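Some notes on the structure that comes next.
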Amino acid sequence: MSKNSSYFEQVFEVTRLIPYGRVTNYGAIANYLSLGSARMVGWALNKCNWNQDDPVPAHRVVNRKGELSARGRFPTPTMMQELLESEGVEVVDDKVKDFKTLLWNPSEELL
DNA sequence: TCTTTGACGTACA
DNA sequence: GTGTACGCCAAAG
């Protein structure tokens, strides 16, 4: 968070804090940043692809069901799943396996 | 300025 | 479990 105040800047920072091999959902980030809506998180992350200078592990952010709803926003639809599997996250049918276990809640685990 | 849209979430029938 | 409705707030047209 540092000194940036923009919605997407804050979302970027929290997203970068997601531990390796873990995932989170939009609601958790929205709640942690008090953005008021998970849509703002998605809207902000939509620009993460443009910002290549500051890599954001947006592939670790999924919806509440653990589905890879963002795969369509990546350069290639399979890229998101490949990245997750590359980190040891099992993906089945475009959904994160054991999502509940891998879920990373910033408000609780970040402290 | 108003309307539509969006990587979502919750509530309810 | 499924479908519909609404909230949420900012950007783009």
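Here is the naming used below: chain letters follow the sequence lines, and residue numbers restart at 1 for every chain. These numbers come from a predicted model, not from an experiment. Just so you know, these numbers use all the heavy atoms, side chains as well, and skip hydrogens, waters and symmetry mates.
Interatomic distance, CH2 of A:Trp104 versus CD of A:Glu109, reported as 7.5 Å (0.5 Å rounding). Note that the OG1 atom of A:Thr24 and the CZ atom of A:Arg60 stand 11.5 Å from one another [nearest 0.5 Å]. How far CD of A:Glu85 is from CD of A:Glu90: 8.5 Å, rounded to the nearest 0.5 Å. Interatomic distance, CG of A:Leu33 versus CD of A:Glu9, reported as 12.0 Å (0.5 Å rounding).
Of the side-chain N and O atoms in A:Asn25, one or more sit less than 4.0 angstrom from OP1 or OP2 of B:dG9.
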Heavy-atom contacts, protein to nucleotides 6-13 of chain C, under 4.0 Å, summarised as B (base), S (sugar-phosphate only) or - (none) per nt, yield -BBBSS--
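Here the closest heavy-atom approach between residue A:Ala30 and residue A:Ser37 is recorded as CB-O, 3.5 Å.
Checked for salt-bridge contact, A:Glu87 and A:Arg22 miss the test: no charged N lies under 4.0 Å from a carboxylate O.
B:dA7 atom C1' lies 7 Å from atom CG of A:Leu45, rounded to whole Å. Spacing between atom CG of A:Leu68 and atom C1' of B:dC8 amounts to 15 Å, rounded to whole angstrom units. Between the CZ atom of A:Phe99 and the P atom of B:dC8 there is a distance of 13 Å, rounded to whole Å.
In this structure, a donor-acceptor pair under 3.5 Å is present between the side chains of A:Asn63 and A:Glu67.
A donor-acceptor distance shorter than 3.5 angstrom exists from the side chain of A:Lys95 to the backbone of A:Asp93, with no hydrogens or angles considered.
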For side-chain contact (heavy atoms from CB on, under 4.5 Å), just list the numbers for A:Val41 and A:Phe8, CA-CA rounded to whole Å, side-chain angles, deciding distance to a tenth of an Å, and then say yes or no. CA-CA 7 Å; A:Val41 179; A:Phe8 51 87; over 6 Å; no
For DNA chain C, just give me the dot-bracket, please: Watson-Crick or G-U, both distances below 3.5 Å, ( ) intra-strand, [ ] crossing earlier pairs, | paired with another strand, . unpaired. .||||||.|||||
Produce the list of close N/O pairs, under 3.5 Å, pairing protein atoms with atoms of nucleotides 10-13 of chain B; give distances to one decimal.
from, atom 1, to, atom 2, distance (Å)
B:dT10, OP2, A:Arg64, NE, 3.2

